[in-house]
Visitor: 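The structure that follows is given in the form of structure tokens.
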Amino acid sequence: MDRFLAGVLVDSWGTSSANFTRLLLRSFALGAPGLPRDGMSALPQQLASTLADVRLNTAVRSVHPSTTGDGSHTVTTDGGTITGRAVVIASDPASAAHLAGLPPTPMKGLVTWWFNAPQAPDHRPLLVVDGRHGPDDGPPGPVWNAAVVTAAAPSYATGGRVLIQATTLLDRPDGDSDERTVRAHLGDIYQCATGDWEVVVRHRIPRALPASPPPLHHHQPARVAPGLYVCGDHRDTASIQGALVSGERVAGQVLADVGAPQ
Ligand SMILES: Cc1cc2nc3c(=O)[nH]c(=O)nc-3n(C[C@H](O)[C@H](O)[C@H](O)COP(=O)(O)OP(=O)(O)OC[C@H]3O[C@@H](n4cnc5c(N)ncnc54)[C@H](O)[C@@H]3O)c2cc1C
């Protein structure tokens, strides 16, 4: 169980809040883990589909109180400036800290290797962890979990190929292991040859997830200044669920502040 949780929490040293870990376990026990058929972008696309005016690929550079002094803010973007009486920053923690002047959020990192293989080493839709003992209470190689992703989401590959992921953790000295080492560990885990697997991409994400040390401070305030709001996983629990809950909390606060019916 520790190996599984280490991958989910992006924390191989057990430094995360026990309360947060229990919340996660509750979700796994009551729900069924899954992947959107059309990829993770299906989630933001679904959220955006009901919005009137969405401008993509337009970075926000700064957010400042307007000179009018009425609590509105001026947002400077690569596409011009926008002024609003309610401005919501829904970015990653580092950008939110920069834009809203918040303290930095400690983050945890991982590397995901994606392989395209001619055959599945395992046809079950399972996350595989190596339960054997290696250095420092970790597995005997750099991979903390792996999965034949197409066994759970067949639409993630075409032409009969299979997609396999392997995750290493950047809080470990072997988190940046090279391809040969990762391949060797995967071959050991799945008990198969991996020589004909092609690397599709290696995602190195140093700021993958906000740290959740005890005591757990979720339910961060929605409003950080009059007319300025911040939401995201760093304002609730470090998860998609936390990001959604935080977003809903901010939406309720904005509606209340501007006097709109909820
Ligand atoms: C490899 C990996 C696997 C994960 N797996 C899971 C999982 O299985 N289940 C789960 O619950 N969570 C998972 N997570 C965590 C989950 O992805 C995050 O908790 C969630 O995406 C946070 O949502 P968010 O809306 O707070 O922020 P984000 O999803 O980070 O969205 C913030 C957005 O703000 C944009 N942005 C940032 N700065 C600016 C700027 N200056 N101007 C304009 N836009 C800006 C970014 O481009 C981004 O689109 C995983 C994370 C990683 C890295």
Side-chain angles (χ1 to χ4, degrees), residues 4-11 16 20-21 23-28 30-36 39-48 54-64 73 75-82 87-102 104-105 107-114 125-127 143-147 149 152-153 156 163 165-171 175 200-212 218 220 222 229-251:
F4 167 70
L5 288 172
V8 174
L9 293 159
V10 198
D11 169 16
S16 300
F20 178 48
T21 308
L23 267 174
L24 276 180
L25 285 172
R26 183 175 183 278
S27 299
F28 280 113
L30 296 179
L35 290 168
M40 290 311 292
S41 61
L43 263 69
Q45 277 165 11
Q46 189 179 4
L47 289 171
V54 178
R55 298 175 207 179
L56 299 173
N57 303 314
T58 309
V60 172
R61 300 296 173 190
S62 67
V63 179
H64 291 298
H73 284 77
V75 180
T76 305
T77 79
D78 286 350
T81 59
I82 306 166
V87 170
V88 178
I89 299 173
S91 68
D92 60 274
S95 302
H98 166 67
L99 294 171
L102 298 175
T105 301
M107 301 292 287
K108 299 173 299 180
L110 54 75
V111 177
T112 307
W113 290 80
W114 296 94
L126 296 176
L127 196 74
V143 176
W144 281 73
N145 66 57
V149 177
Y156 282 29
L163 184 67
Q165 76 84 18
T167 298
T168 66
L169 300 179
L170 290 175
D171 66 0
V200 181
V201 65
R202 169 185 178 268
H203 287 142
R204 187 178 194 278
I205 312 175
R207 297 189 297 205
L209 205 65
S212 303
H218 61 325
Q220 298 281 338
Y229 308 81
V230 177
C231 64
D233 60 357
H234 54 113
R235 306 295 289 173
D236 201 273
T237 56
S239 62
I240 295 171
Q241 167 74 7
L244 290 170
V245 169
S246 164
E248 190 172 35
R249 188 161 62 238
V250 162

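Indexing begins at 1, ligand by ligand and atom by atom, following the structure's order. In what follows, every heavy atom counts, from backbone to side chain, and hydrogens, waters and symmetry copies are set aside.
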Visitor: Using protein heavy atoms only, decide if any is under 4.0 Å from atom 12 (N) of ligand 1.
Guide: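 Within 4.0 Å: yes, protein heavy atom nearby.
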Visitor: Which of the atoms of ligand 1 are close to A208, meaning less than 4.0 Å from one of its heavy atoms?
Guide: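 Selected atoms, number and element: 53 (C).
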Visitor: For atom 32 (C) of ligand 1, which candidate among A90, S41, G34 provides the closest heavy atom?
Guide: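 Heavy atom nearest to atom 32 (C) of ligand 1 belongs to A90.
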Visitor: When you compare ligand 1 with A238, is there at least one nitrogen or oxygen pair between them that comes in under 3.5 angstrom?
Guide: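 No, there is no polar N/O contact under 3.5 Å.
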Visitor: For atom 43 (C) of ligand 1, which candidate among T77, V63, V60, I205 holds the nearest heavy atom?
Guide: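 Comparing heavy atoms across T77, V63, V60, I205, the nearest one to atom 43 (C) of ligand 1 lies in V60.
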Visitor: Just which atoms of ligand 1 are under 4.0 Å from any heavy atom in G232?
Guide: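 Under 4.0 Å from G232, ligand 1 has these atoms: 26 (O).
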Visitor: Considering only heavy atoms of S95, which atoms of ligand 1 have at least one such atom less than 4.0 Å away?
Guide: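 The atoms of ligand 1 under 4.0 Å from a heavy atom of S95 are 37 (C), 38 (N).
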Visitor: Which one of D78, L110, L43 has a non-hydrogen atom at the shortest distance from atom 1 (C) of ligand 1?
Guide: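 Considering heavy atoms of D78, L110, L43, the nearest to atom 1 (C) of ligand 1 sits in L110.
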Visitor: Verify the contact flag for atom 28 (P) of ligand 1, where contact means a protein heavy atom under 4.0 Å away.
Guide: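 Under the 4.0 Å cut-off, atom 28 (P) of ligand 1 has no protein heavy-atom neighbours at all.
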Visitor: Does S246 reach the main-chain N or O of C231 with its side chain, forming a donor-acceptor pair under 3.5 Å?
Guide: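 Here the side-chain-to-backbone pair does not exist.
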Visitor: Do protein heavy atoms approach atom 22 (C) of ligand 1 to less than 4.0 Å?
Guide: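 Given the 4.0 Å cut-off, atom 22 (C) of ligand 1 counts as touching protein heavy atoms.
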Visitor: Return yes or no for this condition: an N or O of T112 is under 3.5 Å from an N or O of ligand 1.
Guide: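 No; the residue has no nitrogen or oxygen that sits under 3.5 Å from a nitrogen or oxygen of the ligand.
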Visitor: For the residue pair V143 and W113, establish whether any side-chain heavy-atom pair is separated by less than 4.5 Å.
Guide: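 They are not in side-chain contact.
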Visitor: With side chains defined as the heavy atoms from C-beta onward, is the minimum distance between I89 and Y229 less than 4.5 Å?
Guide: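 Not touching, per the 4.5 Å side-chain cut-off.
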Visitor: Tell me, do R249 and D236 make a side-chain contact under 4.5 Å, heavy atoms counted?
Guide: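 Counting from C-beta outward, R249 and D236 do come under 4.5 Å.
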Visitor: Side-chain contact test, heavy atoms from C-beta onward, threshold under 4.5 Å: evaluate it for L163 versus Y156 and give yes or no.
Guide: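 In contact.
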Visitor: Within ligand 1, which atoms have a heavy atom of S91 less than 4.0 Å away?
Guide: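 The atoms of ligand 1 under 4.0 Å from a heavy atom of S91 are 32 (C), 34 (O), 36 (N), 37 (C), 38 (N).
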